[in-house]
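As structure tokens, the structure follows; a few thoughts come after it.
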Amino acid sequence: MKAAVFHAPGKITCDTVDDPIIQDENDIILKVTSTAICGSDLHMYSGGIPQPRPMVMGHEFMGEIVETGRNITHLHQGDRVVVPFPIACGCCYFCENDLPGGCENSNPENYGPEGGILTEKGGGMFGYTDLYGGYNGGQAQYVRVPYANFGPRKVPDILTDEQALFLTDIFPTGYTGVMWGELKGGESVAIFGAGPVGSMSVKSAILHNAGKVIIVDTLQYRLDQIKKLTGCETILWEDAESTVEKIREMTKGRGADLCIDAVGFEPERNFLDRAKAVINFEKGSMKVLEACMSAVRRGGTVSVLGVYAVNYDNFRLGQIFDKGIILKAGQAPVHAIIDKLMKHVESGEVRLDDIITHRLSLNDVAKGYEIFDKKEDGCVKVVLDPWM
């Protein structure tokens with residue numbers, strides 16, 4: 001089959017690889033009909049998260065079941081399903097407590113309670129390094145889906161692939177960031193990053209009846225697109241100080257009730273930012289998280305959706321304590337909320353496919369990664385067709 005294979009930082013190509021096979025009685029084999037490139041994939045592409053061997057990429061995918069293991073009872077050949085990006089068994093302590101990202105069984109080689117940088121990680125994920133189980137991903141014509149009695153969800157016939165595809169990751173992730181803020185209606189929400197997850201955070205804040213939704217980015221074209229789609233307010237990032245001041249001006253001087261970091265540890269950085277990281281033996285930067293903690297009001301919530309892969313000195317614990325900030329972070333509990341979110345999409349309350357800017361053949365995956373990484377050609381979201 002054809003698949004997008006990671007070889008080294010900056011090198012992902014469409015290769016011919018072996019078809020997946022059933023390895024466990026709880027597996028299914030999926031014919032992938034639609035898949036996408038995620039911002040998290042760029043952390044592997046950049047080398048920010050290490051991967052020593054070739055791996056099929058991708059954790060945003062959906063398709064048609066072509067084979068099922070003997071223990072699969074509620075899914076059948078021909079069913080059309082969307083698959084959550086975390087791989088979760090459904091029966092361990094964390095799965096039973098709506099925390100599938102902490103699954104105790106899906107990452108047997110590298111799982112543990114510590115959450116270290118290279119050891120004792122969380123549960124498995126599709127196409128996301130050996131640290132998270134070493135599972136091949138879904139940027140391919142076929143993919144093996146383990147624990148299929150727990151993960152895949154049937155897609156209603158009234159929804160197209162593109163309408164449902166982002167239920168895999170970016171919509172649940174954006175929704176989680178808002179959900180953590182426990183909005184009651186009328187609050188102010190400031191979102192840092194107008195990429196796919198930031199865009200879905202805007203849509204989710206509107207679903208939660210936020211009174212004011214502000215989104216921040218370094219690229220005007222991304223701000224223009226999400227403002228056109230949702231009517232949210234926008235701020236073009238020039239520096240952290242002026243951005244925080246603008247947010248305070250827009251929120252009666254207090255700061256936003258909820259700030260969402262939808263960027264993570266690899267923001268755009270200048271020479272001084274990069275030099276600081278080298279001196280401190282750090283990877284990337286926490287400049288966006290720092291801006292969130294300044295921009296949030298006292299007693300407010302900061303949701304961290306962007307990936308942070310390492311630890312940082314000078315963490316602002318004093319500021320968190322003085323302001324009484326609630327800080328929540330981690331992978332979205334997709335399995336726990338996907339059914340609810342499917343209903344929002346099915347009813348038309350929210351539209352997901354309007355952020356797609358590029359539709360490419362899987363053969364053109366190298367181009368897709370390049371323009372997404374470099375933010376060229378007005379790129380916000382790339383969807384790949386494995387059969388084009």
Side-chain angles (χ1 to χ4, degrees), residues 1-6 10-17 30-42 44-45 56-64 80-85 126-127 137-143 155-174 193-200 202-203 217 219 221-230 262 341-342 345-346 348 350-388:
M1 68 171 184
K2 292 191 299 184
V5 179
F6 172 90
K11 185 178 181 183
I12 295 174
T13 56
C14 184
D15 298 351
T16 299
V17 302
L30 197 69
K31 177 184 178 181
V32 179
T33 56
S34 188
T35 184
I37 301 174
C38 180
S40 298
D41 295 330
L42 296 182
M44 289 179 63
Y45 185 71
V56 178
M57 294 290 293
H59 55 264
E60 293 184 328
F61 60 88
M62 62 177 296
E64 179 182 318
R80 184 163 154 261
V81 297
V82 64
V83 182
F85 77 88
F126 290 100
Q139 290 173 9
Q141 291 181 314
Y142 296 93
V143 61
V155 177
D157 291 338
I158 64 170
L159 296 180
T160 67
D161 274 17
E162 289 187 353
Q163 288 174 312
L165 176 60
F166 301 147
L167 287 161
T168 54
D169 179 1
I170 58 171
F171 182 34
T173 297
V197 169
S199 298
M200 293 299 166
V202 171
K203 292 171 181 281
D217 202 273
L219 297 171
Y221 82 85
R222 290 193 166 191
L223 295 174
D224 291 342
Q225 186 198 49
I226 192 61
K227 182 174 183 177
K228 180 180 179 181
L229 294 178
T230 66
L341 300 188
M342 181 89 74
V345 176
E346 192 175 0
V350 64
R351 181 179 174 185
L352 309 183
D353 61 333
D354 55 0
I355 70 164
I356 300 171
T357 53
H358 292 75
R359 297 170 175 86
L360 302 175
S361 166
L362 186 63
N363 294 316
D364 298 321
V365 67
K367 175 185 176 182
Y369 270 89
E370 182 177 9
I371 61 173
F372 189 37
D373 180 50
K374 295 181 178 179
K375 302 177 180 63
E376 296 177 341
D377 194 30
C379 186
V380 174
K381 189 66 175 177
V382 179
V383 171
L384 303 169
D385 185 336
W387 301 95
M388 185 185 297

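Everything quoted here is computed from the prediction, not taken from an experiment.
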Keeping the roles fixed (side chain from [X], backbone from [Y]), state whether a donor-acceptor pair exists under 3.5 Å.
| X | Y | answer |
| --- | --- | --- |
| Arg222 | Pro196 | no |
| Thr16 | Met1 | no |
| Thr357 | Val380 | yes |
| Ser199 | Ile226 | no |
| Asp217 | Leu219 | yes |
| Lys31 | Val143 | no |

Could you check whether any side-chain heavy atom of [X] comes within less than 4.5 Å of a side-chain heavy atom of [Y], counting everything from C-beta outward?
| X | Y | value |
| --- | --- | --- |
| Gln139 | Asp41 | yes |
| Ile356 | Phe166 | yes |
| Leu352 | Met200 | yes |
| Arg359 | Glu162 | yes |

Distance check, rounded to the nearest 0.5 Å: [X] atom [atom1] versus [Y] atom [atom2]?
| X | Y | atom1 | atom2 | result |
| --- | --- | --- | --- | --- |
| Met62 | Thr33 | CE | OG1 | 5.0 Å |
| Glu64 | Tyr142 | CD | OH | 9.0 Å |
| Leu165 | Asp353 | CG | CG | 10.0 Å |
| Asn363 | Thr13 | CG | OG1 | 11.0 Å |
| Leu384 | Ser361 | CG | OG | 8.0 Å |
| His59 | Thr35 | NE2 | OG1 | 9.0 Å |

Atom of [X], atom of [Y] and distance for their closest heavy-atom approach:
| X | Y | result |
| --- | --- | --- |
| Phe61 | Thr168 | O-CG2, 3.2 Å |
| Gly193 | Ala262 | O-CB, 4.2 Å |
| Cys38 | Lys381 | CA-NZ, 3.8 Å |
| Leu167 | Val82 | CB-CG2, 4.3 Å |
| Gly138 | Val32 | O-CG1, 3.5 Å |
| Met342 | Pro156 | SD-CD, 3.7 Å |

| task | Verify side-chain contact (heavy atoms from CB on, under 4.5 Å) between Asp161 and Arg80, making sure each step is shown before the conclusion. | result | CA-CA 9 Å; Asp161 274 17; Arg80 184 163 154 261; 3.1 Å; yes
| field | Salt-bridge criterion met for Asp377 and Lys367 (N-O under 4.0 Å) | value |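 No, no charged N to carboxylate O under 4.0 Å.
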| field | Qualifying residue, where the test is side-chain hydrogen bond (donor to acceptor under 3.5 Å, both in side chains) with Asp354 and the options are Gln225, Lys203, Lys228 | value |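 The option that passes is Lys203.
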| message | Taking the ring of Phe372 and the ring of Tyr45, is the distance between their centroids below 6.0 Å? | response | no
